Engineer: 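I am attaching a structure below and will ask some questions about it afterwards.
Residue numbering restarts at 1 for every chain, and letters A, B, ... go by the order of the sequence lines. For clarity, every value in this text was computed on a predicted model and none was experimentally measured.
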There are 2 protein chains.
Amino acid sequence: MTMPPTFKAPSDAIDVGPLAQRIGYMLRRAHKAVLDHGNVAFGRINLRPPQYGILLFLARSPGRNQAAVGAALGIQRSNFVGLIKGLDKRKLVRRSRGPKDKRPRVLHLTNRGEALLREAKKIDAKLDRRFDKKLGRGGREKLLELLTKLAEPDKGSRH
Amino acid sequence: MTMPPTFKAPSDAIDVGPLAQRIGYMLRRAHKAVLDHGNVAFGRINLRPPQYGILLFLARSPGRNQAAVGAALGIQRSNFVGLIKGLDKRKLVRRSRGPKDKRPRVLHLTNRGEALLREAKKIDAKLDRRFDKKLGRGGREKLLELLTKLAEPDKGSRH
DNA sequence: TATTGTTATACTCTATAACTATA
DNA sequence: TATAGTTATAGAGTATAACAATA
């Protein structure tokens, strides 16, 4: 197994050696690549990817409060405030207070929000086509399956 | 396809609906989960994951300068300074200046650096075993293959 | 002029503590 | 007292500009 040192000098691919086998490193690189694309694409309709996530979630599960939506998306409620305020100011979401419990702000998409979401979904589909081209047949489904397993909380973590 | 609203209330799994099918979202969740584990594990030997990456890279490719190592790891040279200084202060790496070109600082692992890297590799292997358990047989290899494809720069991006 | 390392700075994402108003 | 939203703040990670020394 004595291998000669590899110097993949020429093209734009860099030989990072054993790093290419590290899950954390490759997740970082892949996430950044995908995020960069998302920022550019959604930026055209003035949305950041997390805000698109909020719209998408509210279309399916309207009527939740901020804490619930934030928890589902993995965003702490304090950090959620800025995101949702941005959407509120643009009249993409409605934050109503119920007459019974006046603490929670119940979230709904407005008509404008639904319209923008339709645009955003087109952008998203375009992004997916680009990624599908890279990942190959069945690649996206397999990737999502594996990422879901990684993201699941540890069972019986005796660490 | 009229599906009833899904309320996966009980366990710790949250129903995020269509978000679970978004590559960017799942990459973010998976990356964070893996990073959290890495921070805890490598924190025990006072390393942050990017610093482990530097040691790993230098063991395989010694004698490069900061800009080269940073570029290979996807870290800008300005942001690389703090990371490498931390390793230098702990005598894990040597930053020498050649007599010919006095600008670049040529990087090598010290004996201490090699010793710590051996410890770090054990921690890394332990992390991998944990991830392998989640990912199942062949999961890690497949995941790395897909992430590599995603991280590759776009060819002929006509955007 | 270009390159290497460096500093300073800013912006995003994330994390924690503390406040308010409600319950 | 507990909860929901909010504010402030701090820490990573990342990005850009500018500078000094060197080539």
Engineer: Using chain A heavy atoms and a threshold of under 4.0 Å, write down where along DNA chain D the contacts begin and end, 5' to 3'.
Structural biologist: D/dA2 to D/dA15
Engineer: Would you find more than 12 non-hydrogen atoms of other residues, nucleotides or ligands less than 6.0 Å from B/Lys121 atom NZ?
Structural biologist: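 Open: at most 12 neighbouring heavy atoms sit under 6.0 Å from NZ of B/Lys121.
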Engineer: Check the hydrophobic clustering (I, L, V, M, F, W, Y; side-chain heavy atoms under 4.5 Å; chains of links allowed) and say if A/Leu117 and A/Ile123 are grouped together.
Structural biologist: yes
Engineer: Can you give one letter per nucleotide of nucleotides 10-18 of chain C, going 5' to 3': B for a protein heavy atom under 4.0 Å from the base, S for sugar-phosphate only, - for none?
Structural biologist: ---SBBBB-
Engineer: Show the atom names and distances, to 0.1 Å, of all donor-acceptor pairs under 3.5 Å that link a side chain in residues 42-58 of chain B to residues at least two apart or in another chain.
Structural biologist:
{"unit_1": "B/Gln51", "atom_1": "OE1", "unit_2": "B/Arg48", "atom_2": "N", "d": "3.2"}
{"unit_1": "B/Gln51", "atom_1": "NE2", "unit_2": "B/Leu83", "atom_2": "O", "d": "3.2"}
{"unit_1": "B/Tyr52", "atom_1": "OH", "unit_2": "B/Asp124", "atom_2": "OD2", "d": "2.9"}

Engineer: Go through the steps to decide whether A/Glu152 and A/Lys149 satisfy the test salt bridge (Lys or Arg N to Asp or Glu O under 4.0 Å), and finish with yes or no.
Structural biologist: CA-CA 5 Å; A/Glu152 269 166 9; A/Lys149 287 178 181 170; over 6 Å; no
Engineer: Per the salt bridge (Lys or Arg N to Asp or Glu O under 4.0 Å) rule, what does the pair list look like for residues 31-43 of chain A, sequence neighbours excluded?
Structural biologist: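 Found A/Lys32-A/Asp36.
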Engineer: Quick check: do A/Arg64 and A/Leu107 have side-chain heavy atoms less than 4.5 Å from each other?
Structural biologist: no
Engineer: Are the side chains of A/Lys142 and A/Leu146 in contact, using a 4.5 Å heavy-atom criterion?
Structural biologist: yes
Engineer: Looking for any heavy atom pair under 4.0 Å, which part of the strands does A/Arg95 touch: base, sugar-phosphate only, or nothing?
Structural biologist: sugar-phosphate
Engineer: Please report the shortest heavy-atom distance between A/Val93 and A/Thr110, naming the atom on each side.
Structural biologist: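 Shortest heavy-atom contact: C-CG2, 3.7 Å.
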Engineer: Go through residues 102-110 of chain B and report each residue with a non-hydrogen atom lying under 4.0 Å from DNA chain C, sorted by number.
Structural biologist: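 Hits under 4.0 Å, by residue number: B/Arg103, B/Pro104, B/Arg105.
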Engineer: Side-chain donor-acceptor pairs under 3.5 Å in residues 65-78 of chain B, sequence neighbours left out?
Structural biologist:
{"unit_1": "B/Asn65", "atom_1": "OD1", "unit_2": "B/Ala67", "atom_2": "N", "d": "3.1"}
{"unit_1": "B/Asn65", "atom_1": "OD1", "unit_2": "B/Ala68", "atom_2": "N", "d": "2.8"}
{"unit_1": "B/Gln66", "atom_1": "OE1", "unit_2": "B/Arg95", "atom_2": "NH1", "d": "2.7"}

Engineer: Could you measure the distance from the CZ atom of A/Arg140 to the CG atom of A/Leu143? Nearest 0.5 Å is fine.
Structural biologist: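 Going from CZ on A/Arg140 over to CG on A/Leu143, the span is 9.5 Å.
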